[in-house]
Protein chains: 2
Amino acid sequence: METRELRYFVAVAEELHFGRAARRLGIAQPPLSRAIRQLERRLGAALLERTSRTVNLTEAGLVLLREGRAALDAVEAADRRTRRAALAATGDPGLVLVTKAGASSELLSKLLDAYAAEPEAVTVDVLLCGPGEQERLLRDGRADVALLHRPFDTTAGFDTEELCTESQVVVLPAGHPLTGRTHVQMADVTDLPDLPMPRWPGPDGMYPDGPGPQVRDHTQLLQLIALGRASAIAPESCRAQLRDDLAAVPVLDAPMVTTVIAWPPHSRSRAVAGLVQTATRL
Amino acid sequence: METRELRYFVAVAEELHFGRAARRLGIAQPPLSRAIRQLERRLGAALLERTSRTVNLTEAGLVLLREGRAALDAVEAADRRTRRAALAATGDPGLVLVTKAGASSELLSKLLDAYAAEPEAVTVDVLLCGPGEQERLLRDGRADVALLHRPFDTTAGFDTEELCTESQVVVLPAGHPLTGRTHVQMADVTDLPDLPMPRWPGPDGMYPDGPGPQVRDHTQLLQLIALGRASAIAPESCRAQLRDDLAAVPVLDAPMVTTVIAWPPHSRSRAVAGLVQTATRL
DNA sequence: GAGATCGATACCCGTGCGGTATCGCTGCCC
DNA sequence: GGGCAGCGATACCGCACGGGTATCGATCTC
């Protein structure tokens, strides 16, 4: 199976529309139809159920979509990391560390300072991204190492080391009645009728159904909370960066959040190893 | 980057010889040379240092070899799993479980029995393989789930659940003086001059340098121990399948061995999930 | 210095990918 | 209900690119 075929199939599977997929791929529709047919013939498996009006994934197509995305990420990672390795020969290789925008900057800055003091330290570029994007960046080679937050982020497929664990707080508008409490329980805050939990986009960019406003990043979220339109559970360390119009109350029975440093299992370069080692010593 | 290019490069990188690599790939040498040159041009990176007599990997080439293998495995896995999913529609999908030949069969048979009793159980094919091969089978889709033994097997890149932990014993020929002891220390057995530890092949099929006989599987190993030519450290559960001409003595300070069930992180099918759940309940 | 070995180059051929034009089917709407 | 619009499939064409053979240039060996 060639990566071209995989790219074509993934495009069609995501669009569920040959014309749009072809436009996205920058080719015409007929060669795309042919390529998919040929892929199906070679696999001996129907991937799509097409009527002349609609396209739908079969069970096998669903599997190939999932596995194919992972495979394409791996190929892309091989490409990117090779290019980086080649540049490394003629200059500073550097590392790219990715973490969630809005996550605790205290741990990160401590880590960067400590690592910079190491004798064989290389430059570390920090990349901030929205929730759920880090895993992708790590898998396709755009980043070398990530700070993830369990249980929110999935660490599946990566090597990890635990760095620290913290409890969580509920973030509320400054004047809210609950802000007088010294602590609350999950049950007190999960179903506040006027302050629903926001909805984050899934890995496919779509929002799950349900109540609560849609948010894309932490700035939006904090704004919504300040406006009295939402509330949120967040790691305790977020208190350091709370605005004046927000308040935080510890949630005793909320799950603990563990910050881990994660890296792709196959590419343990010396630079990554050094950074990880520094991190575990913090 | 196309998988064809990756396959070509990996072949050359492994053979370090264009002629042999071309023969292995079933093509002539000139197109192979051209393909590699083109790959290097597109990546903007030298992958191989060639003189007219020898070929060697550059730093970037080493990276591409490592990453490229992983990517090719992922592509192959996508292929295989899609084919399997298509067959599943017209019959029993089934699971393939891989474990080391010679590993404890007690845990495995308990697991298989317990899982078979589940209402939605599918057939499980058991695949036995040599040490170090399981990870490969799991990564390239020939197996769905594996029983691995930490710290011997690397679980990097997989999701795992711990099943059980056991101590280790040293396996010796039946008449050996140490067999009278009730227990020994690592120091007592690591450097027995007449009974060296055997050497296992690495992932590349090559044997590391050093003393000790080369072995490929457990039968060979046991045979060598019985002949008084080797000794070995092994999990306690191996005692159940020891031959009469062998004896085992507990090694108090040997590292504990943990048996884990492992599966590829992206392909958590319902069948795999069921098997894992059954395993954790044992 | 002759020969062997190995990678690179030159050149040719055929497959296969991509393009345009068009068909056949289906749902929609006046 | 018939015309129309939208979609995927098919037919056909041209060319780029992958693969083959022949050969060269360099280097190691005896």
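Just so it is clear: chains get the letters A, B, ... in the order the sequence lines come, proteins before strands, and each one is counted from 1. Values below: all heavy atoms of this structure, side chains included; hydrogens, waters and symmetry mates excluded.
Using a 4.0 Å cut-off between a side-chain N of Lys or Arg and a carboxylate O of Asp or Glu, A:Glu120 and A:Arg270 do not qualify as a salt bridge.
Judged by distance alone, the side chain of B:Thr3 and the main-chain N or O of A:Met1 form a donor-acceptor pair under 3.5 Å. A donor-acceptor distance shorter than 3.5 angstrom exists from the side chain of B:Thr58 to the backbone of B:Leu47, with no hydrogens or angles considered. Proximity of a side-chain donor or acceptor of B:Glu40 to a complementary backbone N or O of B:Leu48 within less than 3.5 Å is detected. Put simply, the side chain of B:Glu135 gets close to the backbone of B:Thr154: a donor and an acceptor are under 3.5 Å apart.
The side-chain contact (heavy atoms from CB on, under 4.5 Å) check on B:Asp140 picks up B:Asp73, B:Glu76, B:Arg80, B:Arg136, B:Arg142, with sequence neighbours excluded. Every residue two or more places apart in sequence or in another chain was checked for a salt bridge (Lys or Arg N to Asp or Glu O under 4.0 Å) with A:Glu49, and none qualifies.
Looking at residues 27-41 of chain A, you'll see A:Gln29, A:Pro30, A:Ser33, A:Arg34, A:Arg37 sit with a heavy atom under 4.0 Å from some atom of DNA chain D. Within residues 2-25 of chain A, the residues approached by DNA chain D to less than 4.0 Å at the level of any non-hydrogen atom are A:His17, A:Phe18, A:Gly19, in residue-number order.
Between the CG atom in A:Leu65 and the OG1 atom in B:Thr82 there is a gap of 10.0 Å [rounded to 0.5 Å].
Geometrically, B:Arg150 does not engage B:Phe152 in a cation-pi contact, judged by NZ or CZ lying under 6.0 Å from the ring centre and within 45° of the ring axis.
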Stepwise salt bridge (Lys or Arg N to Asp or Glu O under 4.0 Å) test for B:Arg7 and B:Glu2
CA-CA 9 Å; B:Arg7 269 189 291 270; B:Glu2 290 303 312; over 6 Å; no
What verdict does the salt bridge (Lys or Arg N to Asp or Glu O under 4.0 Å) test give for B:Arg42 and B:Glu5, after you've listed the backbone C-alpha separation in whole Å, the side-chain angles of each residue and the deciding distance to 0.1 Å?
CA-CA 11 Å; B:Arg42 278 212 276 252; B:Glu5 305 178 277; 2.7 Å; yes
Readout for nucleotides 24-30 of chain D: B = base within 4.0 Å of protein heavy atom, S = sugar-phosphate only, - = neither; 5' to 3' it is --BBS--
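A nucleotide of DNA chain C counts as in contact with chain B when one of its atoms lies under 4.0 Å from a heavy atom; the first and last such, 5' to 3', are C:dT5 to C:dC11.
Surrounding CZ of B:Arg50 are more than 12 heavy atoms belonging to other residues, nucleotides or ligands, all under 6.0 Å away.
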